Number of protein chains: 2
Amino acid sequence: MTAPQPNYLIFSNEGVSGVAWKNRALKRSVIAYLDVSDSCTVMDISRELNISVPKAASLVSELVQDNLIRDYGKIDSTGGRKANVYGLVNDACYFIGVDVKKYYVNIGLLDFKKHLLSIRENVPFQLENTPGSLRALTDIIRRFISDFSELESRILGVGINLSGRVNHVTGYSYSFFHFQEEPLSRIIQQEIGIPTFLENDSRSMAYGEFMNGVVKNERNVLFINIDFGLGMGILIDGNLYYGKSGFSGELGHIPFFQNEKICHCGKRGCLETETSGIALLEEIKERIRGGSSSILGQKNRDVDRIRLEDVIEAARKQDTLVIEVLAELGDKLGKAIAILINIFNPELVVLGGKVSETGEHIRLPIRSALNKYTLGLVNNDTQLKLSRLGERAGVMGACLIARGKVLSAAH
Amino acid sequence: MTAPQPNYLIFSNEGVSGVAWKNRALKRSVIAYLDVSDSCTVMDISRELNISVPKAASLVSELVQDNLIRDYGKIDSTGGRKANVYGLVNDACYFIGVDVKKYYVNIGLLDFKKHLLSIRENVPFQLENTPGSLRALTDIIRRFISDFSELESRILGVGINLSGRVNHVTGYSYSFFHFQEEPLSRIIQQEIGIPTFLENDSRSMAYGEFMNGVVKNERNVLFINIDFGLGMGILIDGNLYYGKSGFSGELGHIPFFQNEKICHCGKRGCLETETSGIALLEEIKERIRGGSSSILGQKNRDVDRIRLEDVIEAARKQDTLVIEVLAELGDKLGKAIAILINIFNPELVVLGGKVSETGEHIRLPIRSALNKYTLGLVNNDTQLKLSRLGERAGVMGACLIARGKVLSAAH
DNA sequence: GATTATTAATAAATATTTTTAATAAGTTTG
DNA sequence: CAAACTTATTAAAAATATTTATTAATAATC
């Protein structure tokens, strides 16, 4: 006997109205509630959704029938008859997340209970603005899906992270693969046959870290993505903030310095020109050429071939030059984050992206800059933490964004 | 025969559950819908709230009985039988807004349909951190209420704006009147006998401008309050953004300059030290002392006694010195707003506060700074407008915040 | 260890809501 | 200008949800 197939209809409102519509909405609310509370009783649902106990019981029994939730036994007593607790069925459905980087792709599979079941990292790929590159990407995704053919019918969504400007509602990407009328998300969806959602990489990482990372109960969170460039994801009251066209969080290109460095965006004095992975790498190279001693200078005779990964590695090995440059970078970035804290009064700022893998070497200079540049009352509200998911935040976020869109029936 | 008294019970959830609770929630939804759509038919409500037509009809008829909404006749034909349209009853209830400034108070009365029925401006008052000052404030409010004694039972809320740090949830003010254990809002509420809500002045003005001012359909809006100090109100998806403790929008104290001016907050280089009413006034005085010619220098022999109002007035009279200083101020402030635009990607930035009364003299320099410092794609999304309500934004916002809190039953 | 108190789940009765159908009041068209 | 078509409102029937009462299960108490 095979397991019953879950009833995915509740994740759509098509062709229903009246009582059927309400029931679907209620069922989605139950699942949304289980999403944050992990497990609950019939009475919890009745209280939370303001419906009667019999109604809650009937919803629960239908959801069990639908194979979306399951009876997980009795709850620890509360002083009377023990209640049955219900939770999501982990293999009810799956979601795929694709984190597209410049030279490789990370891709993973998430189950209904938000566990990352499988992840494939560093799949070779060249991100270029060409149809060929796009085809290579869809091939990678298709190949990954084909490894889980027995689950394929239960993969309900694919989330894809792209750097640059992305409009998650329309599905357009403006920085990459923008060579057709149709939105990119629809093109890819046609290729792979699964509903597809696009997201900006920093926002996606922020969401991953929020839903399944270092964030606990904080609802207003800034995620600073210090990678090759500098990006930011903003969580407001637990939701990603997009702005008018989905271009929010362009931290890298705020006018911040009086310097003469021309940013690749065309402007001058962008924050990114001095506080990003590229800026870090260039500064290190510059100083090594200028004669500063570093384990990087010794190993690699050809300074030009030092990569950002090498710099991160050197920081881990306590290389004095890298630590020194990171301290300077951290002070500048800290001043920028001080601005953000004054504006957002967030509960938490998370440092993510490649450069954040240097850990306390980057966190501490930022922390002390915050003390220097923000008001006590506001600063005391704000924690500064390192990403917990690290490189995996992207895949996790992409999966979770797809999951969130499908489950909220908002597409 | 007197008009029936409205049924205010729907604005509270006390002591109700089950079907009564749901009905109150639905009725509040109907009113919330009428709040934005101004008028609607039974069918509109049925569609909007996903309830059946008979149910919508029964809610409407009860709300009419409650004297909260009224039948406003037939709608223009849509090709069949004409529908009855319903709208709010303007005199169903009232709200008071109090805008507390340093040397005076503005106070006004708003009706259910968001019309400012009465406003009393420039009521003399000294904002000091003393019990006496607080008593003077409650006296002003009480006196204002007593002028509307016939409406008193229908005044459902009082909103009060204070500058500085205010927590709207707890009702604590940290910058003023912070000399007792109890939250300030409760103290005042006990004095005047009407539910009272506290808000930060810039946020309140932002809300006023959003609900009843220059904002049309934009949902992500920044309101820049250029007064003596520099504040900001943030609207995200149509809601005020507060941050963790309600300290968001501290634009005045972001670290922005390399200058040596010590801000009253104790830090150095705050944006406010060069781009606020006080900074403007000081700069003008400085230049007049240095020999710059201006109608201000001619009229007032005693440079020290020039007030900000005089400077604004001079700008209106096309005084070259003031216009020049405003242009410089606008360039700096524009650079700061460019940062905000990169971060928020808002649909609209509204300039308010005293200095904004100089109109295009301040708007244009900011506009051109935005073109200089932001990316085209992001900048094109954002409109820059002058406040429509001007000085009245504060009172309007305070009224509307009280109204919003009461109507949403969230207190 | 039986009794009492407490909480959960279920069943029956009641109330409410939705559906479906019918009627009313318009517009458009031949 | 009447017939056909729309749309709104009301009425009656059917479906659904809530209330209330009952039963079940467990913990605390005596």
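The basis for the numbers below is simple: all heavy atoms, side chains too, and nothing from hydrogens, waters or symmetry mates. Each chain gets a letter, A, B and so on, in the order its sequence line appears, and its residues count up from 1. Bear in mind the structure is a predicted one, so any value in this text is a computation, not a measurement.
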Considering only side-chain heavy atoms of [X], which listed nucleotide, [options], is closest?
X: A:A83; options: C:dA9, D:dT9, D:dT19; value: C:dA9
X: B:V19; options: D:dT18, D:dA24, C:dT18; value: D:dT18
X: A:K55; options: D:dT9, D:dA27, D:dT18; value: D:dT18

- Message: Within the 3.5 Å criterion, strictly below it, is a donor on B:N212 or B:R392 matched to an acceptor on the partner's side chain?
- Response: no
- Task: Would you indicate, yes or no, if D:dA8 has its OP1 or OP2 atom less than 4.0 angstrom from a side-chain nitrogen or oxygen of B:N84?
- Result: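 So the side-chain polar atoms of B:N84 never come under 4.0 Å of the phosphate oxygens OP1 or OP2 of D:dA8.
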- May I ask you to verify if any side-chain N or O of B:N23 is less than 4.0 angstrom from the OP1 or OP2 atom of C:dT17? yes
For [X] and [N], what is the distance between atoms [atom1] and [atom2] respectively, to the nearest whole Å?
X: A:W21; N: D:dT16; atom1: CH2; atom2: P; answer: 17 Å
X: B:D71; N: D:dA8; atom1: CG; atom2: C1'; answer: 13 Å
X: A:K82; N: C:dT10; atom1: NZ; atom2: C1'; answer: 20 Å
X: B:I75; N: D:dA8; atom1: CD1; atom2: C1'; answer: 11 Å

- Query: Hey, does the side chain of A:E347 reach the backbone of A:R219 with a donor-acceptor pair shorter than 3.5 angstrom?
  - Reply: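 At least one qualifying donor-acceptor pair exists.
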- Task: Would you check if the side chain of A:S46 reaches a backbone N or O of A:I51 as a donor-acceptor pair within less than 3.5 Å?
- Result: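 The answer is yes, because a donor-acceptor pair under 3.5 Å joins these two groups.
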- Task: Please state whether the base of C:dA8 and the side chain of A:R81 form at least one donor-acceptor pair under 3.5 Å?
- Result: yes
- Distance col, row B:L156:CG vs B:F112:CZ, nearest 0.5 angstrom, shows 8.5 Å
- Message: Over all strands shown, is A:K22 touching base, sugar-phosphate only, or nothing at heavy-atom distances under 4.0 angstrom?
- Response: sugar-phosphate
- Query: Where does the angle between the aromatic ring planes of A:Y242 and A:H168 fall among parallel (under 30°), tilted (30 to 60°) and perpendicular (over 60°)?
  - Reply: parallel
- Query: Does the side chain of B:Y86 come within less than 4.5 Å of B:V42's, by heavy atoms?
  - Reply: yes
- Query: Residues two or more places apart in sequence or in another chain: which of them pass ring-ring contact (aromatic ring centres under 6.0 Å, His included) with B:Y72?
  - Reply: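 ring-ring contact (aromatic ring centres under 6.0 Å, His included) check on B:Y72 returns nothing, list empty.
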- Return the residues of residues 26-53 of chain A meeting this criterion: a heavy atom under 4.0 Å from some atom of DNA chain D. Order them by number, or give none. A:I51, A:S52
